[in-house]
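Excluded from the calculations below are hydrogen atoms, water molecules and symmetry mates; all remaining heavy atoms, backbone and side chain alike, are included. Throughout, residue positions are numbered sequentially from 1 according to the sequence presented. Ligands are counted one by one from 1 in listed order, and the atoms in each one are counted from 1 as well. Bear in mind the structure is a predicted one, so any value in this text is a computation, not a measurement.
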Amino acid sequence: PNLGPALNMTPLSNPPLSKNGLEAYWMPFTGNRHFKGHPRVLVAAEGMYYTRDDGERILDGVAGLWCVNAGHGRTAIAEAIATQAKALDYSPAFQMGHPRAFELAARLAKTLPGDLDHVFFTNSGSESVETALKIALAYHRHRGEESRRVLVGRERGYHGVNFGGLSVGGIPANKEDFGPLVAQVDLLPHTHHPDHNAFSRGEPDWGGHLADILEEMVEKHGGQTIAAVMVEPVAGSTGILVPPQGYLKRLREICDDHGILLIFDEVITGFGRLGSAFACEKFGVLPDMVTLAKGLTNGAAPMGAVAARKGIYETFMDAANPDTAIEFAHGYTYSGHPLACAAALAAQDIYRDEDLFARAGELAPYWEEAVHSLGNLPHVIDIRNMGLMAGIELDPIPERPTARAFDIYLRAFEEGLLIRTTGDIIALSPPLIVERHEVDRMMELLATLLKQTV
Ligand code: PXG
């Protein structure tokens, strides 16, 4: 079906991909053998829609991969990248700077709450996570607390795919092939308990006490051993797990009581997803560091960032001696890449000029009603939501976990809707420019597909 007004777009000429033409690309987090027999190829995007290689348009229910918050094909971003590429293509990242990187850091520092006012650039969410974990360890060492080596994450957490992030992450399938990973790690329990909090709207009222388990961990590991706790304010990848009321505040209190750094991984929640610039504002909890990526550039260039509180930055500056010393032995060739900075600055302009974070907040109640309207359909065992994100959990086909949701994913793509599935959970997170009629269309199509599911 055709899902909306036609686009005025020059069709790209794409040579059709033969089976052989698909072979060389080892695709990430993809069933390569299945895909190469049933390819799904996108060739263009504008606004809320992608165009498939057969010319059909499909509605984007997930902002690409949770990143295209201002919608696709934003001319201002494309032009900023092109202008930057012509003026200064690359500038060495070490012992050297270019204006856009300073401008972007200052801009982010101003947007972030509290004294989260120093920004380290990376190229992805995964790199942001590694960077933040390393800052945490080095910070304690500089303060003379080298004993703080334990990094705490949470079950069902996703912090990217590099060794540190995998270690504090809580998805067993992502870890099992890679041996012991980072040595000193502990995981908090996750907060997803459908027996207590199924069909919650926003923060579940049950489960705040699960934060107290951090207190038990402090006792177990002994004083001055835990360096940092990293959590997603709302867990995205494992199916939209909204924190129970009071949970994040409690984590903050326990971290304060024991000198532990609290890191919020806002790779998904940053840049308006919950109706505020950052989740930490929404929950009224100031973390010591925030990891960012995705919406930073509206997905138009790879870029990540870590924002750290003033005291953390100053600890590094004060510890280093002599004054030419490098305070933090870390960084990437492409940290603060000019093209990424240009894309990020243009994206931030759009967010501000179109007041998109507030727009997401205003649309959130409509979104909530719409997704919960699916609650009585066959196989739906839970629905949860916050801001413009939602998870719809299905009961698995016996002996075939993930098959039901993946089948819906494939059929939705056929019918003109892009969703994400994780396990047997459908995840939705549309661009923040989504219109009510597009929300309606998403739910109608999902309802149809759910009714057809045997
Ligand atoms: N932290 C969080 C909270 C994330 O969601 C990363 C770190 C890693 O970012 P990079 O840029 O290295 O991929 C992520 C990424 C999905 C999905 O549909 C989620 C992500 C990436 C791809 C797919 O669940 N999150």
Side-chain angles (χ1 to χ4, degrees), residues 27-31 40 60-69 121-133 151 153-171 173-175 190 192 228-243 248 263-271 273-274 278-280 287 289-307 332 334-335 337 340 343-344 386-387 389-393 402 405-406 408-409 412-413 418-431:
M27 298 173 71
F29 270 124
T30 298
R40 295 171 293 282
D60 183 0
V62 279
L65 270 180
W66 324 76
C67 48
V68 187
N69 291 3
F121 289 119
T122 71
N123 307 290
S124 66
S126 296
E127 288 181 359
S128 297
V129 164
E130 304 306 299
T131 301
L133 296 174
L151 299 169
R154 189 169 56 188
E155 293 168 353
R156 296 186 70 138
Y158 183 69
H159 303 290
V161 291
N162 295 345
F163 280 100
L166 263 191
S167 304
V168 297
I171 306 179
N174 287 359
K175 301 186 176 194
H190 66 76
H192 184 47
V229 173
M230 176 178 277
V231 291
E232 301 158 87
V234 174
S237 283
T238 57
I240 320 297
L241 312 180
V242 182
L248 295 173
I263 308 168
F264 278 0
D265 185 346
E266 294 226 32
V267 165
I268 283 180
T269 53
F271 305 103
R273 179 59 46 203
L274 303 182
F278 303 100
C280 54
M289 280 185 267
V290 171
T291 52
L292 302 168
K294 296 194 187 268
L296 175 55
T297 62
N298 202 42
M303 185 177 223
V306 178
Y332 304 97
Y334 298 135
S335 282
H337 192 283
M386 180 168 266
M389 60 203 300
I392 302 161
E393 184 151 359
T402 78
F406 190 62
I408 290 180
Y409 167 79
F413 187 82
L418 184 65
I419 60 174
R420 265 300 278 176
T421 61
T422 165
D424 274 297
I425 303 164
I426 295 169
L428 299 173
S429 61

Using atom types as modelled and distance alone, determine if a side-chain donor or acceptor of T422 lies under 3.5 Å from a backbone N or O of I425.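 Side chain of T422 to backbone of I425: no pair is present.
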Problem set entry | Main-chain N/O of L292 paired to S128 side chain as donor or acceptor, under 3.5 Å |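 The answer is yes, because a donor-acceptor pair under 3.5 Å joins these two groups.
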Worksheet item: Does a sphere of radius 6.0 Å around CZ in F163 hold more than 12 heavy atoms from other residues, nucleotides or ligands, not counting ones at 6.0 Å or beyond?
Response: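 No - once you tally the heavy atoms of other residues, nucleotides and ligands closer than 6.0 Å, there are 12 at most.
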field: Within 6.0 Å of OH in Y334, more than 12 heavy atoms from elsewhere
entry: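 Open: at most 12 neighbouring heavy atoms sit under 6.0 Å from OH of Y334.
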| request: For the residue pair I268 and K294, establish whether any side-chain heavy-atom pair is separated by less than 4.5 Å. | output: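 Yes, their side chains come closer than 4.5 Å.
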Using side-chain heavy atoms (C-beta onward) and a distance below 4.5 Å, is V234 in contact with P243?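 Side-chain contact under 4.5 Å: yes.
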- Non-hydrogen atoms closer than 4.0 Å to ligand 1: which protein residues do they belong to? List them by chain and number, please.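 Ligand 1 is contacted, at a heavy-atom distance under 4.0 Å, by L65, W66, S124, G125, S126, Y158, H159, G160, E232, S237, D265, V267, I268, K294, R420.
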